[in-house]
Chemist: 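Structure below; questions to follow.
These figures come from a predicted structure and were not determined experimentally.
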Amino acid sequence: MSLTAAFYIVLSAIITNNYVLSKFLGICPFLGVSKKLDNAMGMSVAVIIVMVVATAVTWPIQTYLLDPNGIGYMQTIVFILVIAALVQMIEIFLKKYIPALHKALGIYLPLITTNCAVLGVCVLNIDNEYNFLQSILNSFGSGVGFTVAMFLFAGVRSKIETNDYPEAFKGIASTLVAASITSLCFLGFSGMLEKIFGM
Amino acid sequence: MADKHTNLIVSAAPHVCNPTDTATIMRDVVIALIPALAVSTYVFGIRAILMTVICAAACVFFEWASRKIMHRENTIGDWSAIVTGVILAFNLPVGMPFWMAIIGCFVAIVVVKQIFGGLGQNFANPAIVGRIALFIGFATPMTTWSVTKNMSQAIINNAGVDAVTGATPLAMWNAGAELPSNLEMFLGTINGSLGEVSALALLIGGIYLVVRKVISPAIPCAFIGTVAVLSLIMGFDPIFQVCAGGVMLGAIFMATDYVTSPITTSGRIIFGIGCGIITMLIRAYASYPEGVSFAILLMNILTPHIDSITRSKLNGVEKKGAKK
Amino acid sequence: MKKSKLQILTNGIIKENPVLVLVLGTCPTLAISTQAINGIGMGACVLVVLTCSNIIISALKKIIPDTVRIPCYITVIATFVTIVQLVLKAYAPALDKALGVYIPLIVVNCIILGRAEAFANKNSVVDSALDGIGMGLGYTLTATVMACIRELIGSGTLFGATITANLFSPFTILIMAPGGFFVFGCLIALVNKLTKGKVKEKRVNKCLTCPGAEFCNEVQEGGCDK
């Protein structure tokens, strides 16, 4: 795989196919944990790590274990259990060896098991028939895309937090409208990567 | 553009009393927009004025209606809705069906502004979002620049045959066709969105606003400067790039909105440069011919972050929002 | 305090509508609600998985050790999701294609895990089944209404039949991502308006049904989306 193809996969996962703002994956943390920039970034780093590790584990499982034995339909069950176990292991590992990082990310890790973006990226890598390296790149790009969306939205939320909303739009309703406006600006970049990378 | 000015209302003490209020500022903005309206009436005929009036009226109506429904104080007296309407109209092709333009006004006033609490509490510029929503939602009418028969007759009568082109200069540039001369681009006898065509008229309005101290020149200068420099680097004609499309209108009237742009001068320069870079990236590479509105919206969204890094430090207070 | 069977059934449809009141399962709702038929299809899948997993989890509630209950629930749910996935592939390939990755993602749909945790492991099998049906219908109803709005305005059709597309240009932004967020926000605002803000307390309690709640620092601050 050429370097441009690699960049193309990563950048399109960040910009044109942003997981949160165009594929609607990981909306819960996007709405729930974006109120403070620190929390948003902590969550995002945890998501990037888990996405990449989960892909590194689930891709070989699908390719070398499930598919050759004709039990590809077990994908959903196996993947979700693997992800759940993996998150536990990452947590234990961080706690023991990198306590500082565990302290920063620890609270976000358990929430990630049920983050649909993680299971989503693992399944989509298989659906798109990416090879191992492409899958890893796509997962990394998706995680970064999640981070970008969280970063942008955390700024917006800090600005509109103290607004005097109309009664009906208090709370989650206005947050969703803000997300709608935020997702608009990502549409402007459509077609850009194809032109830059000549795809 | 000064769409509203919370930064003047919501500020720490001491509160300095000044006769300048929102209505005065907004009136100045409307005055500054008149030269551009005059040119576009000359180029496109009477429908340009009609479109502008309809948009302004629709915005005022939506502002009034939404405040009424929310049982809140009426705010149409501050002229901000009129300004939003006029600027939105300036962003539309002159042949756009009126009902579509009215939907754009609804998005701008109700969705972007009033849902968030009204004047000064929106995080994105209403006119920009209205334009983008129309641009994406009604892609064909928003990019149909060939004018109707009646219209082209009016144009021929008013401005000569030169103006009856089916594409904007930027679209022609994207397609590699022959371009209008830079003088035409500057004066505005070209096709395009209603109020974008004449760089000269917009510049006159901009200078008026700077002289009246309604806007600071930081954002327009940084924005236009970046577009020019990047054009040179990318090998395009900088004068064409600056005069074409919405750069002038965006830089002078939309990027300078008090509410959605940074507070400090250094922040404003970052904001302007960012707008310029994104505009040129979209123009050169994305599938849309024009990127000004997307650029300003993205920088609007980044404004809280720009503010937090450029905010003057308080003595003895640990900086908030700093990276760990 | 004991609810009647009918109350349990209707609870999920209106009073505790999982999407609009409890704000659970937002991701698939936003993603698939571009066409009315997808809303019904997704709703039916969720209904089946939710009802079946509620029944099983309720039946097994005495056997499943408390400490490993979440992985057990996930396994049960994933099993039913796989069954639904295979059935769809065989009998409704077009729908399977339209819903795509969002079918396997039903596993992590917080409605299902949330109901398992909040209802099925405390109530009888029959009640849990009714709760599953009610919540599933509530989900289906919401997803379909939202999809109808988006399809009608965004592409001028309804269930694929042309309604207004010939009369005036559809406002296509409604079937794109920003339209999804916007329509969803408006529906929630409508519910807020109709219930006069009474639903807010329930949304804070959402954290109690969220499997990550015990670790979540937002709980201490009074709810994820407060």
Chemist: Given a strict heavy-atom distance threshold of 4.5 Å, which part of I173(C) is in contact with chain A: side chain, backbone, both, or neither?
Modeler: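 Side chain of I173(C) only, per the 4.5 Å heavy-atom cut-off to chain A.
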
Chemist: Can you list, pair by pair, the side-chain donor-acceptor contacts under 3.5 Å of residues 18-41 of chain C, counting residues two or more places apart and other chains?
Modeler:
residue, atom, partner, partner atom, Å
T29(C), OG1, G25(C), O, 2.5
T29(C), OG1, Y139(C), OH, 3.4
S33(C), OG, T29(C), O, 2.9
S33(C), OG, R150(C), NH1, 2.8

Chemist: Quick check: under 4.5 Å, non-hydrogen atoms only, which of residues 44-61 of chain C neighbour chain A?
Modeler: none

Chemist: What part of I83(A) lies closer than 4.5 angstrom to a heavy atom of chain C: side chain, backbone, both or neither?
Modeler: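 When you check distances to chain C, no heavy atom of I83(A) falls under 4.5 Å.
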
Chemist: Please check this pair: side chain of S180(A) against backbone of L176(A), looking for a donor-acceptor N/O pair closer than 3.5 Å.
Modeler: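 Looks like no, no N/O pair under 3.5 Å.
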
Chemist: Is it the backbone or the side chain of V20(A) that comes under 4.5 Å from a heavy atom of chain C, or both, or neither?
Modeler: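 Interface part for V20(A): backbone (N, CA, C, O).
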
Chemist: Identify the two heavy atoms, one from T79(C) and one from T75(C), that lie closest to each other, and give their separation to 0.1 Å.
Modeler: OG1-O, 2.6 Å

Chemist: Got a sec, which pairs hit side chain to side chain donor-acceptor pair (under 3.5 Å) with one end in residues 40-61 of chain A, sequence neighbours left out?
Modeler: T55(A)-S139(A), W59(A)-S135(A)

Chemist: Let's test your reading of the structure: which of P166(A), S174(A), G120(A), A84(A) forms the most heavy-atom pairs below 4.5 Å with chain C?
Modeler: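 Sorted descending by pairs with chain C, the first entry is G120(A).
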
Chemist: Side chain from CB out, backbone as N, CA, C, O: work out which of these in A179(A) comes under 4.5 Å of a heavy atom of chain C, or both, or neither.
Modeler: both

Chemist: Side chain, backbone, both or neither: which part of I77(A) has a heavy atom under 4.5 Å from chain C?
Modeler: both

Chemist: Could you list the residues that satisfy side-chain contact (heavy atoms from CB on, under 4.5 Å) with A40(A), not counting sequence neighbours?
Modeler: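 Result, side-chain contact (heavy atoms from CB on, under 4.5 Å) vs A40(A): M150(A), A154(A).
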
